[in-house]
Amino acid sequence: MDNEKAEMKSMISCINNLVKEGFTENFMVKENKLQALNAERSYEPQEIKVVNFYRFEGESDPDSNSILYAIETSEGIKGTLADAYGAYADEEVQKFMSEVNEIEKKTTVSKNS
């Protein structure tokens, strides 16, 4: 477990590990949709699931924080989405991911009811 933590300290090593697990698509958010760049397909918030996420803090500059999302689509396409974290976060990515988070919360609540 300690070895895995050490390997996940940098975004590059984390991405490399995720690629080995099949997260090979590159995603970006545009016009409130998740764009799969290689598959040339877009997804609504309800069509994706955040499998995991990783936060990285800049050692020399606290403003250089970032977040990496490991995402799986309803079609089974797996990939990653990176964004700044905090003051420099992309507003469009934040808005999209908050919608995904709300959908996941509603799904979790309805499953437990």
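The structure displayed is predicted, hence computed values, not measured ones. All residue numbers in this chain count up from 1 along the given sequence.
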Walk me through it: do Phe23 and Val51 pass the test side chain to side chain contact (heavy atoms under 4.5 Å, CB included)? CA-CA 10 Å; Phe23 291 84; Val51 178; 4.2 Å; yes

For Thr73 and Phe27, run side chain to side chain contact (heavy atoms under 4.5 Å, CB included): C-alpha distance rounded to whole Å, both residues' side-chain angles, the deciding distance at 0.1 Å, then the answer. CA-CA 11 Å; Thr73 71; Phe27 292 115; 3.8 Å; yes

For the pair Ile48 and Tyr69, evaluate side chain to side chain contact (heavy atoms under 4.5 Å, CB included) and give the outcome as yes or no after the intermediate values. CA-CA 11 Å; Ile48 72 159; Tyr69 298 98; over 6 Å; no

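Remark: Glu92 engages Val29, Asp90 in a side-chain contact (heavy atoms from CB on, under 4.5 Å) (not counting sequence neighbours). Shown here are the side-chain contact (heavy atoms from CB on, under 4.5 Å) partners of Ala89, two or more places apart in sequence or in another chain: Asp83, Gln94. Taking Lys30 as the reference, nothing meets the salt bridge (Lys or Arg N to Asp or Glu O under 4.0 Å) condition, with sequence neighbours excluded. A search for salt bridge (Lys or Arg N to Asp or Glu O under 4.0 Å) contacts involving Arg55 returns nothing, not counting sequence neighbours.
For the atom pair CD1 of Ile71 and CD1 of Ile77, the computed distance is 12.0 Å after rounding to the nearest 0.5 Å. Atoms CE and OH, from Met11 and Tyr54 in turn, are 11.5 Å apart once rounded to the nearest 0.5 Å.
Closest approach of Phe56 to Cys14, counting heavy atoms only: CZ-CB, 3.8 Å.
By the 6.0 Å contact criterion, NZ on Lys49 is open, its count of non-hydrogen atoms from other residues, nucleotides or ligands being 12 or less.
Proximity of Asn52 to Leu18: side-chain heavy atoms (C-beta onward) are nowhere separated by under 4.5 Å. Residues Leu81 and Met97 are in side-chain contact: their nearest non-hydrogen atoms beyond the backbone lie under 4.5 Å apart.
Under the 4.0 Å criterion applied to side-chain N and carboxylate O atoms, Lys95 and Glu91 are not assigned as salt-bridge partners.
As a member of the Ile/Leu/Val/Met/Phe/Trp/Tyr network built from side-chain separations under 4.5 Å, Leu37 groups with Met28.
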Could you tabulate the donor-acceptor pairs under 3.5 Å formed by side-chain atoms of residues 38-47, not counting sequence neighbours?
| residue | atom | partner | partner atom | Å |
| --- | --- | --- | --- | --- |
| Arg41 | NE | Glu75 | OE2 | 3.3 |
| Arg41 | NH2 | Glu75 | OE2 | 3.3 |
| Tyr43 | OH | Glu75 | OE1 | 2.6 |
| Glu44 | OE2 | Lys33 | NZ | 3.4 |
| Glu47 | OE1 | Glu44 | N | 2.7 |

